[in-house]
Trainee: 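The structure under discussion is supplied below as structure tokens; questions concerning it will follow.
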Amino acid sequence: MSMQFPIPGLPSVEAEEPSQKRRRPSRDELLAGLNEPQRQAVVHEGAPLLVVAGAGSGKTRVLTRRIAWLISERGAHPGSILAITFTNKAAAEMRERVEELVGGRARIMWVSTFHSACVRILRKESANLGFKSNFTIYDAADSKRLMTLVCRDLDLDVKRFQPRAILNWVSNAKNELQDHEEAAKDARNTQEETYAEAYRIYQERLRQANALDFDDLLMMTVHLFRAFPEVRENWRRRFRHVLVDEYQDTNHAQYALIHELCADSMEELTTAESGAERVPPAELMVVGDADQSIYAFRGANIRNIMDFEQDFPNAETVLLEQNYRSTQTILTAANSVIGHNEGRKPKKLWSDAGDGAKITGYVGDDERDEARFVAEEIDRLSDEGKARAKDVAVFYRTNAQSRVFEEVFIRVGMPYKVVGGVRFYERREVKDALAYLRTIANPADLVSLRRILNVPKRGIGERAEACIDAYATRERITFWEGLQQADQAPGIATRSLTMIRSFVELIEQLQSMVVAGERVDVILEQTLTRSGYLKELEESDDPQDETRVENLAELVAVAREFAEDPQVGPSADPADEPDPDAPPPGLTDFLERVALVADSDQIPDVPEGEDAPGVVTMMTLHTAKGLEFPIVFLTGLEDGVFPHMRSLGDKPELEEERRLAYVGLTRARERLYISRAIVRSAWGAPAHNPASRFIDELPVDLVDWKRTAAEQTSWTRQDLGGSSYGGGSLTGRGRQQMASRFSSASASADASKKAMAGRDVPSLDPGDRVQHDSFGLGTVISVEGAAEKAVASIDFGSEGVKRLLLRYAPVEKL
DNA sequence: ACTGTTATATTTTTT
DNA sequence: ATATAACAGT
């Protein structure tokens, strides 16, 4: 089959890869080992296709084979393929697998996350939108910092207007593709009007900084396509085949993007006058599983997958129900849990792998005991030759839960690796270093510039900063330009001026290295040395700073790797023809790469077939999506932990938690463990948690309980001596915790409040009138939970109904 | 301008 | 319990 349209701007495949073999796999090879629905999905032509892919049903295989099929059998140009994955790692893997099938020409496909794809498009089209192509990408922390500045500008009461909350609101608006004006129109009360105003200023500041936040990447791209039909037509002409993985986790902006590229919309009929030839829609295939939608909290809309057939008329659906991953026992358990969600399309995952082992359950005294059980069990499995450390994953609901496991694993010498959590790129020293690089690449980037202005301390204090700020605002120039002309600014001390001059000179020198085409790693090293940043850390006697130096060395290593081979790695784009305006694969590309890494991108590749036992992998359930392990420990199965407390009162949220449980359960191939703790300390205070409702949703006969609640230590006074507590080697801290646990578990609610929280948690009943520091007068509607976990729904009249955690909320009973 | 103290929020989940 | 922010003191 030949291409219907010429594709402008695509490099010639042959010219690009003279040395690469142009592999041409046989049809049989491409279809080998596929079941019937899988085969259908691979060879499908024409209408939009939805592949409903249950957990472990081989969807990655379908995606890669289909891409190979498109190239090899249907003559599609690799450059005309756009495949969207959820993480960069998944993208790299997919590219690699397709390459194995059809050879190096596959490298010029676009396989990336939504965000990376948008960045690439925006870098090319930035002129249309009025910013420079070297724009900086702000992560959550940067955005928060900027929003904090905005709040200060607006003189907002930070108690009532928390930057986080505003940012959430703005993020939602952006996901719905609303700019600040539309968002302002939709504002329903004065608070939201203020939010919209903050949105306006925030956006203005972003523009001044030549920066975009995560949500902008998506929204701007859609706006670009809508505002410039001819630009959109160009991209439509380029991408003839679009494939989207994890479609159930797309938000409205992502949906709209796909729609712009792939839908044969009515609007299109009327754009004929633009002169552009109408481009027929690209062939679209989306893959997903509504039961694995777990990102509603960041705007994902499960409706996108449920309504696919309505959104894309003529769409066809293929169901993949055979599971190739897990034992039937595991699947039955997962099916049983997810079956408790309402309004889902029934799906019956099955496996012919046999029943396998029963699920093992364990109820620990506390989270430490639970962790000890996990460690011992892994030890036992490896002694018996049933598994190695690298076959095992430990999942939990929140990052904070990793701590106990780390402590226990360190003590018993179990090697492990935590994925996510305090991410490498979020560590202070790494962020500082990156802020330097970002300032060098884009000195308009205010957040980065201010971050490093006086780090390390160089005598440019608050006062000097304020003077420059005032001067820059007055002269309508950027803060950086203000620094460059510091001698013009009134009110600056001579001493500060000298310091500013040398800072400006430092940055300018480093910039000249970029212009000279110096390598990223060299620039980074020079930055750290010349700024004195490294020296300060090395001379410090804080033991933490030693690790910081190591982390920076690690960052330099990452940069070196990138400089030597920018092709490998998530956001490399070999399809891009060299752009004469932009510096060679350099600073901007490097910064983009590190800005868009996902947690799961950090998972180390396990060399297959190696004898080494490797390490146990620990991560949150969210990070676990898309992965699989022979042995899985699903921990912290307690109401309030998992399902998370904040979801308990809300059905849709609870159903999302249940989907999360489904995701967790279906990661296991052979053996599944579930565990919980009777008592768990959070926020320094112990809490007595009931079993997770998800445990009750498992078929009883599938779980073999190694230890149950009935076998727990009974909490009587003499037990506090510690004799029942394992080795009896309690630390002073442990003793204290036990003492307070006692009071939490058996003392009256009133006494326990005072004893552990040291703060009055008002005991409220429905109907009570209360006073809140910022919401004013309210009436209690309902109260859930007790003591320090009590959550009350309170009607504040014009302020709306709020759900407040009484332990923190500044409410007073009247 | 810097340092050390104390008060306060922080914990869902993430591109 | 820990991390950051605000504050006061040198």
Side-chain angles (χ1 to χ4, degrees), chain A residues 84-91 112-119 137-141 143-145 148 158-159 162-164 168 171 174-175 212-218 246 249-251 253-254 293-300 395-404 419-423 425-426 428 454 456-465 493 495-496 499 544 570-571 595-602 619-625 636 640-648 653 656-657 659-660 663-664 680-686 733 736-737 756 759 805 807-810:
Chain A
I84 301 290
T85 57
F86 200 66
T87 65
N88 293 302
K89 183 165 207 269
S112 70
T113 63
F114 270 108
H115 292 265
S116 298
C118 288
V119 171
I137 299 162
Y138 275 7
D139 67 14
S143 302
K144 196 182 159 197
R145 215 177 202 90
T148 310
V158 273
K159 277 263 150 52
Q162 287 169 344
R164 254 274 180 67
N168 264 333
S171 175
K174 286 183 175 181
N175 285 335
L212 298 177
D213 68 18
F214 280 150
D215 302 311
D216 281 340
L217 299 177
L218 304 170
E246 307 286 8
D249 283 320
T250 51
N251 61 29
Q254 292 165 333
S293 161
I294 54 174
Y295 283 104
F297 71 90
R298 71 172 202 217
F395 299 154
Y396 34 78
R397 177 65 235 271
T398 64
N399 281 306
Q401 288 167 252
S402 72
R403 254 191 82 136
V404 212
V419 181
V422 199
R423 306 208 248 316
Y425 292 105
E426 279 172 20
R428 183 173 21 123
N454 202 26
K457 299 274 183 303
R458 49 169 71 88
I460 307 176
E462 246 177 283
R463 199 189 166 78
E465 193 181 321
R495 196 184 152 75
S496 304
M499 301 320 235
Q544 271 203 320
S571 62
L596 297 175
V597 287
D599 274 352
S600 49
D601 290 332
Q602 315 280 309
M619 68 187 88
T620 65
L621 285 154
H622 282 87
T623 306
K625 194 178 73 162
V641 175
F642 185 35
H644 194 271
M645 206 171 71
R646 290 185 60 155
S647 70
L648 289 179
E653 278 189 52
E656 175 146 315
E657 297 280 311
R659 291 193 291 269
L660 195 53
V663 167
R680 180 179 298 273
S681 303
W683 297 280
R733 189 164 134 259
Q736 263 185 353
Q737 283 188 352
M756 32 175 201
R759 176 180 163 165
L805 182 55
R807 181 154 181 250
Y808 291 122

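Note on naming: letters A, B, ... go to the chains in the order of the sequence lines (proteins, then strands), and numbering restarts at 1 for each one.
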Trainee: Take the protein atom CZ of A/Arg659 and the nucleotide atom C1' of B/dT13, then report the distance between them rounded to whole Å.
Mentor: 13 Å
Trainee: Nearest-Å distance, CD1 (A/Ile294) to C1' (B/dT14)?
Mentor: 10 Å
Trainee: Among residues at least two apart in sequence or on other chains, which ones pass ring pair (Phe, Tyr, Trp, His ring centres under 6.0 Å) with A/Tyr396?
Mentor: none
Trainee: What is the distance from CZ of A/Phe86 to P of B/dT14, rounded to the nearest Å?
Mentor: 10 Å
Trainee: A/Tyr295 side chain: which of B/dA1, B/dT12, B/dT14 is closest?
Mentor: B/dT14
Trainee: Among B/dT15, B/dT12, B/dA1, which nucleotide sits nearest the side chain of A/Arg463?
Mentor: B/dA1
Trainee: For B/dT13 and A/Asn399 - does any side-chain N or O of the residue sit under 4.0 Å from the phosphate oxygens OP1/OP2?
Mentor: yes
Trainee: Is there a stack between A/Phe297 and B/dT12, judged by ring centres under 5.5 Å and planes under 30°?
Mentor: no
Trainee: Nearest whole angstrom, please: distance from the P of B/dT11 to the NE2 of A/His622.
Mentor: 15 Å
Trainee: Less than 6.0 angstrom separating the ring centers of A/Phe395 and A/Phe642, yes or no?
Mentor: no
Trainee: Just how far, in rounded Å, is P of B/dT12 from CG of A/Leu648?
Mentor: 13 Å
Trainee: With rounding to the closest Å, how many angstrom separate the P atoms on C/dT4 and B/dT13?
Mentor: 16 Å
Trainee: Hey, is the side chain of A/Asn454 poking within less than 4.0 Å of OP1 or OP2 on B/dC2, counting only N and O atoms?
Mentor: yes
Trainee: Between A/Leu660 and A/Gly459, name the one whose nearest nucleotide on DNA chain B is closer to the 5' end.
Mentor: A/Gly459
Trainee: Looking at B/dT3, B/dT12, B/dT13, which one has an atom nearest to any side-chain atom of A/Lys457?
Mentor: B/dT3
Trainee: Considering just the side-chain nitrogens and oxygens of A/Thr623, establish if one lies under 4.0 Å of OP1 or OP2 belonging to B/dT13.
Mentor: no
Trainee: Would you mind telling me which residue lines up with the more 5' stretch of DNA chain B, A/Arg458 or A/Asp215, judged by nearest nucleotide?
Mentor: A/Arg458
Trainee: Provide the closest heavy-atom pair for A/Leu217 versus A/Ile137 in the form atom of the first, atom of the second, distance.
Mentor: CD1-CG2, 4.2 Å
Trainee: Are A/Ser116 and B/dT15 close enough that a side-chain N or O sits under 4.0 Å from OP1 or OP2?
Mentor: no
Trainee: For A/Arg164, report the nucleic acid contact type (base, sugar-phosphate, nothing); a contact means any heavy atom under 4.0 Å.
Mentor: sugar-phosphate
Trainee: Between A/His115 and B/dT15, do the rings stack, that is, sit under 5.5 Å apart with planes less than 30° off each other?
Mentor: no
Trainee: CD1 of A/Ile460 versus C1' of B/dC2: gap in Å, rounded?
Mentor: 15 Å
Trainee: What's the CZ-C1' distance between A/Arg397 and B/dT11, to the nearest Å?
Mentor: 10 Å
Trainee: So which heavy atom on A/Arg397 is nearest to which on A/Val641, and how close?
Mentor: CG-O, 3.2 Å
Trainee: B/dT15 phosphate, OP1 or OP2: any side-chain N/O from A/Asn251 under 4.0 angstrom?
Mentor: no
Trainee: What nucleotide among B/dT15, B/dT12, B/dT11 has an atom nearest to a side-chain atom of A/Arg646?
Mentor: B/dT12
Trainee: Counting the benzene-type ring for Trp, do A/Phe297 and A/His644 have ring centres under 6.0 Å apart?
Mentor: no
Trainee: Can you name the residues that form a side chain to side chain donor-acceptor pair (under 3.5 Å) with A/Asp213, not counting sequence neighbours?
Mentor: A/Lys174, A/Tyr202
Trainee: Would you kindly give the CZ-to-P distance between A/Arg298 and B/dT12, to the nearest whole Å?
Mentor: 17 Å
